[in-house]
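The structure appears below as C-alpha cells.
Given the structure is predicted, the values throughout are model-derived calculations rather than measurements. Here is the naming used below: chain letters follow the sequence lines, and residue numbers restart at 1 for every chain. Computed over heavy atoms, backbone and side chain alike; hydrogens, waters and symmetry mates excluded.
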Amino acid sequence: MLPDSLQSTTQDTANTVYDVAVFVPLHTTFSYLGPANVRAGTRVRVPFGHRECTGIVLDETNAPADVTLKPFIDIPDTEPLLPADSLALGHWLSRYYHAPLGDCMELLLPALARQGTALPAPKPRLVVRLTHKGRAIAAQQLTGKKRQALVSALHSQGDIPQAELKALNISLATARSLERDELVQIQPEVQPVAAQPSANTLSLTTAQADILGHLLALPDTAEPQVLLGATGSGKTEIYIEWCRTTLQAGQQCLVLLPEIGLTPQMISRFSARLGMTVAQLHSGMSDLARLRVWQGLQDGTVRLVLGTRSAVLAPFHNLGLIIVDEEHDGSYKQHDGVRYHARDVAIWRAHQQGCPILLGSATPSLETLANAERGRYNLHTLLRRADQGEVARSLVDITRHATTTGLSNPLVERITDHLQQGQQVMLFLNRRGMAPSMVCTACGTIQQCPNCSAYVTYHQRPARLLCHHCGWSHRPPYPCESCHATTLEPLGIGTAGLEEQLRAHWPDVALWRIDRDNIKHADDWATINAEIHSGKAGILLGTQLLAKGHDYPNVTLTGIVDADSGLFSADFRSYERMAQLLTQVSGRAGRRSARAEVIVQTRLPDHPLFHQFLRTDYFTMATQLLHDRQQVGMPPFSFLATVRADHVEEEQAAQFLSDLGNTLALPLAVTGLGPMPALMSKRAGLYRQLWLLRSTERKTLHAVLEQIIAHCAQHRPPSGISWGIDVDPYEF
DNA sequence: ACTCTTACGAGT
DNA sequence: CTCGTAAGAGTA
C-alpha cells in the first residue's frame, strides 16, 4: 500500500518517468514513474524484482518502449539529499573506477541515509544564558530531560531546581544573590553559530612565509600544489594559515589525513591556532555524529573538517580549499567496494569546484613527483629547520652479528649508551615479514591459517594464534597442521616478544609499546604521549603506527629492527614504500638534538636502496626509483587495472579469468598478465586470482574495462564466482 | 544483492 | 513422488 503522502498523487499523476540509480551492484540504471518535479538527488523507495530497494533519482527520462514501468513506493525526503556536485562526483566515480552507479551514489550518503528511512530530526536545542546585572555569567545548551525540567520550572514561576543549577555549574548562593527577573534568558532552538577563525596568527619562518605567499596568490584554477617538507619543517603551519585565509573569505576547508590516530592531534593544533571548533569525520564516530557533520557541511554551518579517506566524499556548501596530508599514504586507497583513491578523488573535486588543492608529504608518491616533473603539479620544497641537527644513519649487517633477541650487539650498545644519557630510544618493528609466526618444533612446519594462505601470528597476552586476514583465532595448544604434534613455538619475534627481551635487558627503563593492540582510542594516545613528552628516558617500541605523524622530540636513537621484509615483496611499489618508511622513521628522531642517529638492521647491507639511504635524501632516492619505474614501464609510466575473481576452487577462479582473456581482443596499447594467484592467494575460504591489465593509454584501458563489464552483463559468470575491477590497484 | 524458479538426486 | 540443495535468471 502506498503511504498517505503518495496516495493522492501516485495513481493519477505518477506519470513522469525518472531514471533511478538503485542501490544494487548492477551496471545499469532503472526507470520508474513518479509525481512531477522530483528533483535529481532525491532518495526513493522502489519495487525491485520481488523486493523493495532504495535509490537516487537521476534525471527525467523517456519511457523505454519495451517495459512497463512501476511507480515509486515512497519518497522519504522533501529535498534532494545529494546536491548536484555530489551527483556529478557519483557519476565520475562510477566511470573512473568502473563501479556500479548505484554503489557509487550509496557511498556518497551517510550510513543512516542508506536504508531509505526518514533521517532523525535534529534534537531541539535550548540555550540558557544566566546574566547578572546585564553581564553573562554562564551559558549552556540543554537537551532532553534537563531541558524539560528547566522549562517547566520557569513556567511555574518557581525557583530553578537545584539540579539545574548544578548542570549549569552555578551555586545556589550565586543564584539567590541574583535578581529573579534577570536570572534567566531563554533562546530556544538556536542555530549553532558558524565559528569564525580568531586572529591568533602564527609567526612563520621566512621559508614558510615565502611558500604561503605563493599559495595565497594562486588563481582558483591553478594546478595542484605539492608541498615537499621533511618532518618538522613546518608543513602544518602552512596548512593552518591557508585554511585561515580561506575561512575568512567565507569558504569551507577540507583536510584529509591518512589515519584516524592522527586526527585528535591535528584537531587540537588546528582549533588552538584558529580559535574555532574543527569538525572531524572518521570511522571511529557514531553514524549519528557523522550524519550531523555531513549535514553541517552541506548547509555550510560546519566550516572546517579534518577527516580520513571517506571525508572526501562529503557534500560541501562552498568548498574553498582541499589539503591532503601525507598524500603518499596507501591508506587513502579503498580496498573493497568502490575502490577509490581519496587523493585522486580530492584532485578531481578541487578541479570540479574550481578550488585550490595542496598535497603535502615528506615523502611524496612517485605518481605525484612525476606529475610535478611534467609540470602538471607545482612543487614547493620546505627544508628542515636550521636548528635541527642532522641524523647519522648507519647499517648493521645481522648476518655477521648474532641476534638471539632480535637485536644485534652494536644496536644493544647504542641503546644502552643513549639510555644512560637520559634519552629516549625508538625501536621500529615491521610486523610483516618478521612475523611472530608459529613453527612446529617436531617437523619444522610454519603454521598457516586453515582458511587463508597467510601464516598465523602469535599473540602472547592473551595467548592466541590469530589470522590477521580473516579473524580466525585459536587458543594454544594447537596441533601442527602437518604432523599434529602440539609442540608449537613462536618463530622470530613480534612486538610482544621483543618487549619481553627488552624488559629482561633493561629492567629499570620505561618501555612504551605502541601498536594497534595497545592503542585503540584517542585517550590511549593522549596518556601515552603525555608520558613520552615528559621526556624521561625510555624505549618506544612499535609498528607502522610509529612511522606516521607523531613527533617525539626527545628520541635521539631510532632502530629499525628488521628492514628486509619490505624488499622481498613481489609488489612493484615495495622499494618506494621502503624508501618512504626509512625516511619517515628517521624523521621521527632527533628533532632537537645535534647527535641523533638511525640504525638499520639488515641481512642485505649491499642493497642499492640502503646505500642511497646512507648517502642521499628522499628526493634523490625517489628520482632514481622513478627512473627504474620508467625502465620497467610501470606506473606512473603506464596505467594499471586488475580483474579479480574469487571462488572456493582456485582452478575455477583462474578459469573464469582466462576465459575472459580469451574472449577479449586486447588493443595494442594494452597487455594482459595472468591470471595469477593474488599475493594472498586464499582468504576467508576463497581463492583469489588476478588478471593484471597494463596500458600505455588510460583511455584504451578504460575501453577494455567497459568491454569486460559488457561481456559479463551478457554472459553471466558461473555461479560461485565473485569478481570485480580495481583501477589503479595497490594490492596484488 | 536478493529472491524466486527450475533441475536433479536421495530417500520414502 | 517429495523434499532439499544448487545452479540460473531477472530486477524497470
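Backbone-only contact: A:Y32 has heavy atoms under 4.0 Å from sugar-phosphate atoms and none from a base. A:P718 comes within contact range of no nucleotide atom at all, as no heavy-atom separation falls under 4.0 Å. At a threshold of 4.0 angstrom between heavy atoms, the contacts of A:T28 with the nucleic acid are absent.
Of all heavy-atom pairs between A:M105 and A:L87, the closest is CE-O, 3.5 Å.
Spacing between atom CZ of A:R45 and atom C1' of B:dC2 amounts to 13 Å, rounded to whole angstrom units. Rounded to whole Å, atom P of C:dA12 lies 7 Å from atom CZ of A:F30. A:K70 has its NZ atom 8 Å from the C1' atom of C:dT11, to the nearest Å. Between the P atom of B:dC2 and the CD atom of A:E52 lies a distance of 15 Å, rounded to the nearest Å. Rounded to a whole Å, the CD atom of A:E106 is 10 Å from the C1' atom of B:dA1. Between A:H50 atom NE2 and C:dG10 atom C1' there is a gap of 8 Å when expressed in whole angstrom units. A straight line from CD of A:E649 to P of C:dA6 spans 13 Å, rounded to a whole angstrom. As a whole-Å value, the separation of A:D19 CG from C:dT11 C1' is 15 Å.
More than 12 heavy atoms of other shown residues, nucleotides or ligands fall within 6.0 angstrom of atom CD in A:Q352. Residue A:H715 qualifies as enclosed at atom NE2: its count of foreign heavy atoms under 6.0 Å is above 12.
For C:dT2, the paired nucleotide is B:dA10, the pair qualifying as Watson-Crick or G-U wobble because both relevant distances are below 3.5 Å.
Under the 30°/60° scheme for interplanar angles, the aromatic rings of A:W92 and A:Y97 are found to stand perpendicular.
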